[in-house]
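Take a look at the structure set out below.
Note that this is a predicted model, so its numbers are computed, not measured. Sequence lines set the chain letters: A, B, ... in the order given, protein chains first and strands last, and positions in each chain run from 1.
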There are 2 protein chains.
Amino acid sequence: MTTQLPARDRVLNAYEELLIKDGPRAATLDAVAAVAGVSKGGLLYHFKSKEALTGGLVHKLKELAELDFAAMEQDPEGCASYYVRTSVFGGTTFDTAIVAAMRLAQGEDSTVREAFAEIHATWYKLILSDVGDSAVARAIMLLGDGLYYNVAVFGTTTTPQATALDGQEVDLESLLKVVTLMRSGTRS
Amino acid sequence: MTTQLPARDRVLNAYEELLIKDGPRAATLDAVAAVAGVSKGGLLYHFKSKEALTGGLVHKLKELAELDFAAMEQDPEGCASYYVRTSVFGGTTFDTAIVAAMRLAQGEDSTVREAFAEIHATWYKLILSDVGDSAVARAIMLLGDGLYYNVAVFGTTTTPQATALDGQEVDLESLLKVVTLMRSGTRS
DNA sequence: GTCTATATGTTGATAGAC
DNA sequence: GTCTATCAACATATAGAC
């Protein structure tokens with residue numbers, strides 16, 4: 001039996017869980033507190049307002065993004081391959097934070113949108129430095145956005161390597177082959 | 001000076017406008033009624049509940065989708081080209097309905113998600129019949145999803161032919177070239 | 001640090017006049 | 001068909017005990 005996480009972390013995890021499972025409307029302070037196993041007052045000790053709670057999620061997202069950038073740069077198969085491979089939802093901490101935050105991006109909170117814009121900009125820069133061509137880099141970015149969007153809207157599946165897309169399956173291998181095809185036209 | 005639209009249509013348009021501009025949370029019955037230029041009671045005469053209002057939007061979306069399918073099948077450049085071209089936000093009635101509904105898709109209302117799943121399935125079928133290869137068809141679908149997702153999250157831009165993506169521009173021509181590249185690998 | 005009230009503002013929805 | 005009350009439910013946030 002593992003030691004319980006600190007209340008603050010449990011609250012953040014509960015917020016993510018509710019955002020993903022039931023959407024922003026259901027992720028009330030009451031509900032988050034209940035899932036985290038604390039009272040509403042207890043929650044508000046760690047995050048003084050709902051805005052602060054969202055701020056905590058955004059902060060976590062940015063931290064995990066930094067780690068992702070580092071891994072992306074060092075990947076033996078290159079940034080583009082890394083990006084496509086990791087855009088297929090794998091249930092990592094980062095994936096969870098992204099999908100949770102995506103559900104908030106449609107709201108009024110501009111901080112979430114701004115965080116996404118920053119992360120996107122860095123991803124694009126890294127992919128471009130890998131593939132060379134800007135149109136191909138953008139296409140790859142859009143593929144990744146599409147993958148995350150599908151998870152955010154239609155939910156996750158059990159298989160980590162394949163995610164459901166309108167009853168069809170997107171498998172990673174075929175997708176990587178298509179990406180190779182895209183790159184082949186511009187390779188020097 | 002054009003004749004005023006019927007109140008029912010004005011309400012639906014106001015709902016879309018608020019969903020796109022300020023998100024689902026801001027699209028309250030009060031706000032929708034105000035934008036539409038009717039009272040809350042007046043709104044509730046046409047749509048008996050908020051659920052019914054969303055139902056009206058979904059119905060409109062499905063109707064416009066049928067027209068889109070027909071245009072897609074008849075396009076001289078093929079379904080895939082049509083899909084990519086029209087996935088770049090152009091401000092059409094259909095585009096507006098899609099983006100507005102996308103903002104609702106993250107919520108608890110499963111009817112919106114189901115409508116999207118249906119529309120997606122038909123698009124996929126048509127694109128597959130055009131390009132032949134399932135992996136390429138899926139990649140094209142994901143590109144379109146990515147384009148719409150970017151509009152839904154980051155908002156529209158002024159230029160109809162190019163939409164902003166993290167400070168960069170996605171221009172349609174380059175994207176179509178990349179799609180051609182994808183297809184070239186599987187062409188018989 | 002965590003809890004139990006409690007205050008305050010919104011939101012969706014009803015009733016009934018016009 | 002459209003309006004003006006009005007209500008009950010819920011959400012965020014505060015105050016203060018433990």
Side-chain angles (χ1 to χ4, degrees), chain A residues 3-60 100-101 103-112, chain B residues 3-60 100-101 103-112:
Chain A
T3 315
Q4 275 255 36
L5 277 149
R8 195 183 187 278
D9 296 325
R10 290 205 322 270
V11 167
L12 226 40
N13 288 340
Y15 189 35
E16 288 182 345
E17 181 185 327
L18 280 168
L19 281 172
I20 294 174
K21 218 179 53 167
D22 301 322
R25 199 153 185 180
T28 67
L29 294 182
D30 250 323
V32 172
V35 171
V38 293
S39 70
K40 210 193 302 193
L43 185 160
L44 285 163
Y45 169 78
H46 295 286
F47 301 96
K48 304 209 182 310
S49 69
K50 187 152 200 198
E51 205 183 329
L53 180 58
T54 299
L57 180 58
V58 169
H59 183 77
K60 181 179 176 183
R103 298 226 156 181
L104 247 31
Q106 320 246 353
E108 58 286 356
D109 220 315
S110 62
T111 54
V112 182
Chain B
T3 315
Q4 276 253 33
L5 260 78
R8 207 194 117 98
D9 295 327
R10 290 205 319 272
V11 166
L12 225 41
N13 288 342
Y15 189 36
E16 288 182 345
E17 181 185 327
L18 280 168
L19 281 173
I20 293 174
K21 217 180 54 169
D22 302 321
R25 197 153 183 179
T28 67
L29 294 183
D30 249 322
V32 172
V35 171
V38 293
S39 70
K40 211 198 297 199
L43 186 159
L44 284 163
Y45 169 78
H46 295 285
F47 300 97
K48 307 214 180 307
S49 67
K50 188 153 200 197
E51 206 184 328
L53 180 58
T54 299
L57 179 58
V58 169
H59 183 77
K60 182 179 176 182
R103 298 226 156 179
L104 247 30
Q106 318 245 353
E108 58 286 354
D109 219 316
S110 62
T111 54
V112 182

Base contacts versus sugar-phosphate-only contacts with protein, heavy atoms under 4.0 Å: please encode nucleotides 12-18 of chain D as B, S and - from 5' to 3'. BBB----
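Applying the side-chain hydrogen bond (donor to acceptor under 3.5 Å, both in side chains) definition to pairs two or more places apart or across chains, those involving residues 44-59 of chain B are B/Y15-B/T54, B/H59-B/E63.
Residue A/L43 contributes atom CG, which lies 14 Å from atom P of C/dT4 at whole-angstrom precision. Between B/F47 atom CZ and C/dG12 atom P there is a gap of 15 Å when expressed in whole angstrom units.
Smallest separation of non-hydrogen atoms from A/A100 and A/L19: O-CD1, 3.7 Å. Of all the heavy atoms in A/A7 and A/V38, the pair that sits closest is CB-CG1, 4.3 Å. Across A/L5 and A/R10, no two heavy atoms sit closer than the pair O-NH1, 3.0 Å.
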Dot-bracket for DNA chain C, please, read 5' to 3', with Watson-Crick or G-U wobble pairs under 3.5 Å on both distances, ( ) within the strand, [ ] crossing, | other strand, . unpaired. ||||||||||||||||||
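Side-chain N/O atoms of A/Y45 include one lying less than 4.0 angstrom from OP1 or OP2 on C/dG1.
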Taking distance alone, no hydrogens or angles, what donor-acceptor pairs closer than 3.5 Å link side-chain atoms of residues 29-37 of chain A to residues at least two apart or in another chain?
from: A/D30; atom 1: OD2; to: A/K40; atom 2: NZ; distance (Å): 3.4

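In this structure, B/R25 and A/D109 have side chains that are not in contact, with every pair of non-hydrogen atoms separated by 4.5 Å or more.
With sequence neighbours excluded, no residue forms a salt bridge (Lys or Arg N to Asp or Glu O under 4.0 Å) with B/D22. When the side-chain hydrogen bond (donor to acceptor under 3.5 Å, both in side chains) test is applied to A/S39, no partner is found at least two apart in sequence or on another chain.
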